[in-house]
Structure formats: structure tokens, C-alpha cells
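Remarks on the structure that follows.
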Amino acid sequence: MAKEKFEIPSLEDALDTPPVRKGASGHLKIHPAPPQMMEKLGFPPALVEGWQKKAVDKLGELKEKYKSLKMFMEVCVKCGSCADKCHYFLGTGDPNNMPVGRQELMRKVYRKNFTAGGALFGGFARAGDMDEAALKDWTTYFYQCSQCRRCSVFCPFGIDTAEITMAAREIMDSVGAGHKYSLEVIAKVHDVGNNLGIPKPALSSTLEFLEEDVKEATGADVKFPVDAEGAEVLMITPSADFFSSPHVDSLVGYAKVFHAAGISWTFSSYASEFANFGMFIGNYAQMKKIAERIATVARDLGVKRIIVGECGHAWRVAYGFWDTLVGPFDTLEVKRPVHVCEFTNDLIKRGALKFDKTANDGFTVTYHDSCNVARASRMGESPEGQFDIPREVLKAACNKYVEMPDSVNREKTFCCGGGGGLLTDELMELRVKGAAPKTAALKRMMDEKGVNMMAMICAICKAQFTKVLPYYDIPMEVVGGVHQLVSNAIILGDK
Amino acid sequence: MGTIDMAGKKLEVDEDGYLTNLDDWSREVAGEMAKGEGVEMTEAHWEVVDFLRQYYDEYKIAPMIRILTKEIGKKLGKEKGNTKYLYELYPGGPAKQACKIAGLPKPTGCV
Amino acid sequence: MSALSLFYAGISYAGAVVFFGGLAYKLIGYALTPSPLKIPLTPQPASAAGVAWKAVGSILSFRALWNGDRWTWVGGYGLHLVLVFVFIRHLRLFLSPVPWPLADVQPFALLIGALLPLPLVYLMARRAAVDRYRQISSGADYFALALLLLIGLSGLSLKFLFHADVVGIKEFLLGLMLLSPVEVPEHPAFLVHFSLVLVLGFYFPFSKLIHAGGVLLSPTTMQADDAPDVRHVNPWGGQ
């Protein structure tokens, strides 16, 4: 890999506030979505005539549809509390990557068009037109936000840059300027049922392979059913679990848990994707359409509950949005999606699972809170269940578990650097730099506590860290899933 | 989108250099692509490429990495049937770099 | 009535209408704008009471700012605290008779309120001195601080420099409030002070100063984390 194309941040000071470096990541470009892809998703194929006005009109429309957007445009006092909380700012020093800096790219246009002050005293209020320069900034910096919400934790008004980024992308899509990565993925979900585009025969053969593989390794007949009618549980997981490593190791973990608990379950080939990139592009209709597949299958298969796998943003969508988007799930006995960590933890608490923890004794494990799980959802009944439950599962399966420092943990966790629709090769420089803060924390844990396994419950985090850690001379094997460790240690009964 | 000159022909590729038309692929093209990636093709590299193409022919998708590693383990010896070895062959990743050289479309999603 | 008094009466009423009307317009506008999806920033209480309790704590402590930037917290918290005392200090001009606890705290309120220029100058300096803040600060950001500073300085001058007739001022203000305006005190420093306050009144609802009310309506901090229990319907969701 051409590692020398850009400077790798030093991990020594990656958690410190850098000096402002104007334009430091202004050169990064996204791949535009090709015309046929734009049209497929109902967007104009290319930048439309009069896009300047149309973009402003769209902003005007969205501000009346989203309280968040309207308020976040208007109530910021620019106190600067958020300024050094974004991993991309820490990694690049670019002032447009300060959350408030990024927000200002939209506020400039907002003020000019929707406030008296901006219309009357443009420069004084920093108001500006939607023009070529503004669009260039938008297509650059609204694709340097992973919608992780860390900034909003430090905002006195809870201003969430994710809401602004989503709106910006929706506006850009609506005038014909889209990002290839997310739109290509969404198109594949509509065509095939999952982000990767795995057709049913491939899915079936992959699952058969895993059955044989697990049989070889354990001697147990752990099943990986697909489209099984009459199953109690519909399992929805990110399609990366069917493809990538270490993702698949967690998938094996889910299957072993079902096996050990003796619960009938199935994947669906029609709804073979948990991820919902509709959120990343801020498009309500797409988000709904993607979620619809799952609701449809849940009804058709007649399952009693939906359990979902290790995916961060999708858990946000499932936990917080599914019911609004495509609910109510009246045919289910458990009307709300259950996170696989909740499921496994309940079984552990009830004594239904047994572990041989020594199987994980080769690992000193720490846990990486994924942003959407940490700051946009919950698990279980307690308000901090999203932090505690995965940790409880880990501690049940591993003897050696250590915590990351508070400043990068739980709701203060740093994004992996690849979330929010940025997990694409053309943004590798940004991804490497944005990963620096969390990687610095990990490196310290490795050096001081002997950590050699960072467990997580997000497909994007897993893919991102396995790609970027080698830039920091950290082996990708350090990255794993929570259910991967469950898989290692679980004792398979004869149920 | 663009074109590259390869093996004496103009071939259409996407922004990341993946072939747009699968039929444009030949071993010669693969060799030149590998060179561009800084990968020296050995017997083992070709095993990976051949398996990827064979799997793609049947399933219209690249195989799961685990399937690929197992296959390579079968062919080249068990000690080579792991992700680490695949990354030694293709430092850019078996999914992305090897698929590119094999003329497969770029895998999308959380990979 | 003098032309000056007529002018001030008119502009005062206009200011009151714009200030209170604008505030209501903006805040009701926020409240009526739909929240298509539940977006609480977690961890967050699951009940409205829990959210309210948490919000009281956050607002009284400026918790997020404390966690985000202690040095700005010092200035921001100091400013708002002083403003509370400035408000208390001014209440006596609008209430007749002045209720006893209010009367008793006046000397203390004056003592704290007189510190107003300090946090304002500090915050202005901070905007200019720190590279990140210089980057994000516009003329409007300095304007808000400068306006408050001028109001503060002119107000303090009434107390300490050009002694103003408090009784006359109170009569004027009460007259305005009771809709029977009397002559405006023709005290130059008072007129400056009062005019600047009117500017603030006109400016407030349509500027970032609306954050004072907005803080109570922010969806991320004010929504309960109740998605599993309470069905949320998007009014424009089309179902």
C-alpha cells in the first residue's frame, strides 16, 4: 500500500488539540455518484440547472420538516466547546472540521436566505450565497463528518452536527450532487437485499460453508438457517458479517448462542442487511424503504422476535427509528428489536450459557464503544445499558478485561474514523487521520496494559480499524467482535 | 470513470481502477494491474485470482474471506490458510486489491 | 409631552412588541416544527420527569460546557450569573412597592452586577486570542458581547459617574408599563443606556441570543429516551 502519500499523525499527541491549519483536508475529494445511480434512487442524474436556488429551497423545506435543523441553525452561540471534540479536527487541524466550523458552512447560506441579519449585513454576520465555492465546501466537508454525535455531548444546546450533515447531503443529492459510496450501497440493497450485493445462492453456500467449518472445529452441528419458516427469531445482521473478517467470527458467535440456547432462528435472504445507509444520506424515504424489507420479512415468516447483530448505526435505526418508519410490529411477540448483546446477556444472566473463559486467555481485551450505540441508542432497561451490556458479555467470556480511559470511553468515545458513509477508499487519508485519537488510546492500552484485543459491535468500526491500524503499525488482529470472543469461549451443549 | 491502456487495449475502469467490463480481463491485464499495485504475481497470487474468478463465475459475488483462506489453505498448505497470509500476498487486502487484479467489481458496504 | 418623550414611548412599545412577540414567534415556531424521528442524545432518561430534572442540572451548571472547555465555562458561566444579578438589580425599577427579599438583596446584586464588564471583556479576548475561536467568530459574535458591554458600562455610569435620578427613571418605566407614558428623564447617560437596551430588545429574538429560550426545546437534550415504550409518529412520514 502506498503509505507515504500523506503524513500519518503521531499517536503521541493525537488526543491533544492541534493548531488550526486552514485547508488541511480541503484537497480530499469524494467520488461523485454516476448519473444512472442517482436516477435509480430518485435524484437528478447530474447537477441541475439553477441548483443554487434549488438547494436553498430545499434547505428551506428541510428546516420546516426538522426541528433539529431549524434550531441547530439558529441557537448556536459559537462558544467553541465542540471545536476540538471531533476526531477529524484532531487528526487534520482543518478548521472546517471543527464541528462549529462544519455547521457554519451551512449556517452561512441559512443566514443569508432565512435571517434578517444575514440578508442585511452579509459579511458582518458571515452570511453567504449558495454558490460554486459553497458547494465545493459542502461536497468536501460534509463528507468529513461521520455523524458520530461526539460534538453534541459537549454542546450546551445539544447541537448535533450529524443532523446538519444529513440535511446537507440530502440537499446535495436533491440537486444532483451525490456520493457514489453510499448511493451504490443503497442501490444494492434495493436490487439484491444487502449492501454487498450477495445473491441468495451465494448466501446459502456461504452459510453452508460455515456449518461445515464450525462442525470441523467443534464437532457440533451448529446451524446457519436461511429463510426458515416457523423460526422463532429473525436474525438481521450487517452483510459484512457474511463476507469480511473478523466480522464473520461474530456471526459464528450468534449461531453458537442460538445453538446453545436451543432457540430456533433464521436469516432472511430478502432482508439480508441490517445496515441502513439511508440515514447517512439523510433521506427519510430511502431509510424507510430499506427498513421496509425487514418489516415485511418479519411478518411473512411469522417470527416472534427480531434479533439484530453487531452494527452501530443500524442499531440506532432499529432501536430509535424502525417503529416510526415501518412499525408497529404487531405480529411480533416482542415488538421491539433486540440487540444480540442484550439477548446473549439475558441468557448468561439466566444461566443458559456456559463458558470456558480460558479459551480467551490469549487475549487481554478492551472494549470500543461505537458512536451510534453509545450516543444514539440504548440496550436493556438501564439508561447506560448500551455501555454495560456488551461489557458484561465480554466479562462473561473473557478472564482478562480492561477499560479504556474515561475521556475516550462510553458517551465520550471517539469514532473509528470510518462511520457515517465515509468507509470508502478515496477518503483513506481522512480515515487514517480521523482514527488517530481512538488509536492513540488503544496504543496506550496496548503498551501499558498489554491489550491485544479491542472488541466492538459495529461492522464499520471493524472494517475501518482493520484497514487503518496497520498504518500505525498495529496489527489488524487486534480488532474483533464481542460475539467473536463469545464464540471462542462458549460451551456448546447438545440441545 | 475513465480508461487505462493495458495489454495493448483501452480498458474502461472506475475511479478506483476496477475494470468496468468483466470481459476485458485477461491474465495479461491482471499482470499489468498487479504491477500498478506494486504486487509481484507469483504462483500463490494466481491461485487467489483464479479462485476469485471461478467463485465469481458461479455466484456473481466475491467469496467470503474465510472461504478464500480455506481454499488457499487446501491448495497451498494449511499454514497459509489464513487472512494474514492473504494480506502478505495482497497488502491492499484480499477483498479489495485481489478482486481488482482478478477483474471483479469492487466489494461495497462495510468492508 | 416632549417630542423626545413621544419618541421614546413609541420606540419602547415597538421594542417590547418585537422582543416579546419575536421571542414567542421564534420559540413557538421551534415547538411547532416537527421532529420526524426520536433523536435523544444518549444516555438520556426514559421519562419526561427524568429529562426535566437532567435539564435543570445541565442549565444550572452549564455541564456540557464545563466538560468541553473549562476556560470558556469560567467566562460563560460568570457572564450568565452576573446577568441574573443585573436582572435582580433592575427588578426594583419595575415593581412598586419593591417586595422585601428583593429590597434586601439590592446591595449584593449591585456588587455582583457591577462585575458585568469582566466576563464580557474576557470572552471577547478569548475569541480573539485562541486560534480556534478566532476562526469561528464573526462580527455578529463580537457585536453581541460589545452591545452587552456598552449597556453595562453605560448602566454603571448612571450609578457611579453621572448620578441619575432613580425615582424619575422608575416613574418613566412604570408609566410605560401601565400604558400611561410620562416624560422621559432627559439624562444623557440614561438615554444612552436605555437606547442600547432597546437595541438589544430588537436584536435578541432574531439573533443567536435566542439560545436563551432555545435551550429548553432542543430535541437532542429534551427528548426522552423512550423509543421502546412510546410510539413516535412522524407527521409527514406518509403512513
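Because the structure is a prediction, the values reported are computed rather than measured. Just so we're on the same page: letters track the sequence lines, and every chain starts at 1.
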Region of [X] that comes under 4.5 Å of a non-hydrogen atom in chain B:
{"X": "E477(A)", "answer": "side chain"}
{"X": "P238(A)", "answer": "neither"}
{"X": "S245(A)", "answer": "both"}
{"X": "L203(A)", "answer": "neither"}
{"X": "D213(A)", "answer": "both"}

Using a strict cut-off of less than 4.0 Å between a Lys/Arg side-chain nitrogen and an Asp/Glu carboxylate oxygen, indicate whether [X] and [Y] qualify as a salt bridge.
{"X": "K96(B)", "Y": "D16(B)", "result": "no"}
{"X": "K29(A)", "Y": "E15(B)", "result": "no"}
{"X": "D24(B)", "Y": "K10(B)", "result": "no"}

**Report entry** From CA spacing to verdict: side chain to side chain contact (heavy atoms under 4.5 Å, CB included), K106(B), K100(B)
**Finding:** CA-CA 7 Å; K106(B) 181 176 160 151; K100(B) 184 171 178 178; over 6 Å; no

If I measure from the heavy atoms of chain A, does [X] come under 4.5 Å with its side chain, its backbone, both, or neither?
{"X": "P63(B)", "answer": "backbone"}
{"X": "Y55(B)", "answer": "side chain"}
{"X": "I65(B)", "answer": "both"}

Under 3.5 Å donor-acceptor, [X] side chain and [Y] backbone:
{"X": "H313(A)", "Y": "G420(A)", "value": "no"}
{"X": "E211(A)", "Y": "F224(A)", "value": "yes"}
{"X": "Y270(A)", "Y": "D227(A)", "value": "no"}
{"X": "E12(B)", "Y": "T20(B)", "value": "no"}
{"X": "R316(A)", "Y": "M279(A)", "value": "no"}

Report summary line: Expected contact set for residues 75-86 of chain B against chain A at heavy-atom separation under 4.5 Å reads T83(B), K84(B)

Report task. Check the pair Q286(A) / H190(A) against side-chain hydrogen bond (donor to acceptor under 3.5 Å, both in side chains), numbers first and verdict last. Result -> CA-CA 10 Å; Q286(A) 287 295 337; H190(A) 297 330; 2.7 Å; yes

Who among [options] has the most heavy-atom pairs with chain B under 4.5 Å?
{"options": "G197(A), P199(A), A202(A)", "answer": "A202(A)"}
{"options": "I198(A), N195(A), T466(A), L196(A)", "answer": "L196(A)"}
{"options": "N194(A), D249(A), T424(A)", "answer": "D249(A)"}
{"options": "E426(A), M476(A), K188(A)", "answer": "M476(A)"}
{"options": "C311(A), A240(A), S205(A), P246(A)", "answer": "S205(A)"}

Report task. Output the option from V39(B), T69(B), T108(B) having the highest count of non-hydrogen pairs under 4.5 Å with chain A. Result -> T108(B)

Query raised in the report: Aromatic ring centroids of F280(A) and H179(A) under 6.0 Å?
Result: no

Requested in this report: Report yes or no: do H31(A) and D425(A) form a side-chain donor-acceptor pair below 3.5 Å?
Outcome: no

**Report entry** Donor + acceptor pair across side chains of H247(A), E310(A) (<3.5 Å)
**Finding:** no

Query raised in the report: Any ring pair (Phe, Tyr, Trp, His ring centres under 6.0 Å) pairs touching residues 199-218 of chain A, not counting sequence neighbours?
Result: none

**Report entry** Step-by-step ring pair (Phe, Tyr, Trp, His ring centres under 6.0 Å) determination, F242(A) to F267(A)
**Finding:** CA-CA 11 Å; F242(A) 303 121; F267(A) 288 121; 5.1 Å; yes

Report summary line: With sequence neighbours left out, the residues meeting side-chain hydrogen bond (donor to acceptor under 3.5 Å, both in side chains) with E184(A) are none

Report summary line: Among residues 453-463 of chain A, those lying within the under-4.5 Å heavy-atom range of chain B are A459(A), I460(A), A463(A)

